[in-house]
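Following: one structure in structure tokens, then a few remarks.
Just so it is clear, the values below take in all heavy atoms, side chains as well, and ignore hydrogens, waters and symmetry mates. Throughout, a chain's letter reflects where its sequence line sits, starting with A, and its residues are numbered from 1.
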There are 2 protein chains.
Amino acid sequence: MTEKPGQKAQQEGGRTAAGLDFPRPLTTVDVVIFTIQADALHVLLVQRGQGNSEPFPGAWALPGGFVDVAKDRDLEACAARKLKEKTGVASPYLEQLGSWGSAARDPRGWSATHAYYALMPASVAERALAADAQWFQILGERVKVKLAFDHDEILAAAVQRLRNKVEYTSLPAYLMPEEFTLPELQRTYEIVLGRPLEKSAFRTRMLSADLIEPVAKMRKGPNRPAQLYRLKAAKTPVYFTRTFNPPE
Amino acid sequence: MTEKPGQKAQQEGGRTAAGLDFPRPLTTVDVVIFTIQADALHVLLVQRGQGNSEPFPGAWALPGGFVDVAKDRDLEACAARKLKEKTGVASPYLEQLGSWGSAARDPRGWSATHAYYALMPASVAERALAADAQWFQILGERVKVKLAFDHDEILAAAVQRLRNKVEYTSLPAYLMPEEFTLPELQRTYEIVLGRPLEKSAFRTRMLSADLIEPVAKMRKGPNRPAQLYRLKAAKTPVYFTRTFNPPE
DNA sequence: TGAATAGTGTCTTTCAGACAGTATTGG
DNA sequence: CCAATACTGTCTGAAAGACACTATTCA
């Protein structure tokens, strides 16, 4: 971090302090917020304003926006702020996904976005959505609408990362409500992975991991009741040493 | 990406086009370049200029610097450029690590860096080093000198990521010279992981992966010669479905 | 009683861990 | 021959895959 870019006629991002008078890229943060609804993985999108001077008017996009150097202490705080603004709540899981930056991705100029992804239970996500926000079902790695900027690509990367980590971590637990049964947790794994899992191996793995604890209640139904569990206090995800059903 | 940050007196990063007249963070890219030297993991550091008006004069830092909106098409190209400037060569492996951004990490103001990490063979890395660059041995997750900015933290994250991925991928292959033996590859795994591996299981895993192919040569020594291998044409890393010796 | 789902047990397969044993060079 | 390292084989154990079996509710 020593040299500075070749001096050019002062364009966007300039400042006249010593050594910093060169153009700066735009800096944004975007958040891919996942939940499970109606037995399917969903992502939260917001519709961009119509007909103003900004790019992609009316298009659907990931929630996000410019870093506010006055409001945001750091990138994660910025992501948490965007998340709260659109959902009304904090997320039980928020992880950095990566960054995308290029001259071409935003018509307003060279820009770089720091992408995060978040998981939240459907029960939480149903309340307090922003007016311009809506849940979209994930089909493959995409949604049925064309997204603004390179958000299609970011979304696809988030889905891939989620599916990959679900193979060997307890991440789906963050998509569950406060109390849930083992078959419900297994169903969530299956929805994210898109394939069925063996009940026996699944139960063994989950119960031997230091992840969930039973509560003194059962889920009633038209059949044998199921034991209810909740996440243990330690909220960090559990990593397993093997994936589930190794694909081929 | 719709709202813009609250308007303030125009500070650094301002521009007077419609809707973009708010301060922009500084945008940099840093690269953690690893190699193996003298049976130990090493990282490339550069010494910052002495006594100029920039922060951390004379301190060691990761190679990197500001994104140049005129030169760099995208972030990865910027990282590849920094890498080439310091080592004289391209790296066989370059992956994004994450981003670090906050108001505090750079005394010049709110800044965000996009961090990458790279792997290269010692043979390549020995030639054509920049004058201000030097290899430092990794001790634990650090080096023996205090680094500029938050580069200690970024380096620690890179070492963790590398160690973690080495458990279930073929990444160490990118630290090997053109031709190498299986015991040499195993030694590289052991250096990165910091623990011995079982010879038998290691050989079985490597040979059954579609990763390396024998060349019609042997490594001679004062003992039984060893078969030489090279990486197969497909250069993408191989992912295994289990880790090596699950710790504890 | 039967449908439906929860939960367990059992056998097989896979692969790492451990480690002994064989192979091939130079001295 | 011996030392040294390359390489192979064999036994064991842990955990997943497959799937049958038992358990408990409501209608």
Distance, nearest 0.5 Å, that separates OG1 of A:T87 from CH2 of A:W135 | 7.5 Å

Looking at B:F240, is B:R205 sitting on its ring face, NZ or CZ under 6.0 Å from the six-membered ring centre and within 45 degrees of the normal?
-> yes

Does B:R230 have any salt bridge (Lys or Arg N to Asp or Glu O under 4.0 Å) partners at least two apart in sequence or in another chain, and if so, which?
-> B:E213

Atom CG of A:L182 and atom P of D:dA23 are separated, to the nearest Å, by 19 Å

Fit a plane to each ring of A:Y189 and A:F202, take the angle between them on a 0 to 90° scale, and name the class: parallel (under 30°), tilted (30 to 60°) or perpendicular (over 60°).
-> perpendicular

Could you state the CZ-C1' distance from B:R187 to D:dA6, rounded to the nearest angstrom?
-> 16 Å

Just how far, in rounded Å, is C1' of C:dA16 from NZ of B:K199?
-> 16 Å

Separation of atom OH in A:Y229 from atom P in C:dA6, rounded to whole Å = 12 Å

Residues two or more places apart in sequence or in another chain: which of them pass salt bridge (Lys or Arg N to Asp or Glu O under 4.0 Å) with A:R219?
-> A:E184

Hey, can you pull the residues of residues 209-227 of chain A with a non-hydrogen atom under 4.0 angstrom from DNA chain C?
-> A:N223, A:R224, A:P225, A:A226, A:Q227

At under 4.0 Å between heavy atoms, what does A:T204 touch on the DNA or RNA strands: base, sugar-phosphate, or nothing?
-> nothing

Output yes when A:D132 and A:K86 qualify as a salt bridge under the 4.0 Å nitrogen-oxygen rule, no when they do not.
-> yes

Hey, mind stepping through B:D30 and B:K82 against salt bridge (Lys or Arg N to Asp or Glu O under 4.0 Å) and telling me if it holds?
-> CA-CA 8 Å; B:D30 293 302; B:K82 308 285 184 194; over 6 Å; no

Here the distance between atom P of C:dC15 and atom CE of B:M206, to the nearest Å, is 14 Å

B:F240 CZ to C:dT14 P, straight-line distance once rounded to whole Å | 19 Å

For A:R205 and D:dA16, is the shortest distance between a side-chain N/O and OP1 or OP2 below 4.0 Å?
-> yes

Hey, is the side chain of A:S200 pairing donor to acceptor with the base of C:dG7 inside 3.5 Å?
-> no

Heavy atoms under 4.0 Å, any strand shown: does B:R203 hit a base, just sugar-phosphate, or nothing?
-> base

Rounded to the nearest Å, what distance is computed from the CZ atom of residue A:F202 to the C1' atom of nucleotide C:dA6?
-> 14 Å

In whole angstroms, the gap separating C1' of D:dA16 from CD of A:Q186 amounts to 13 Å

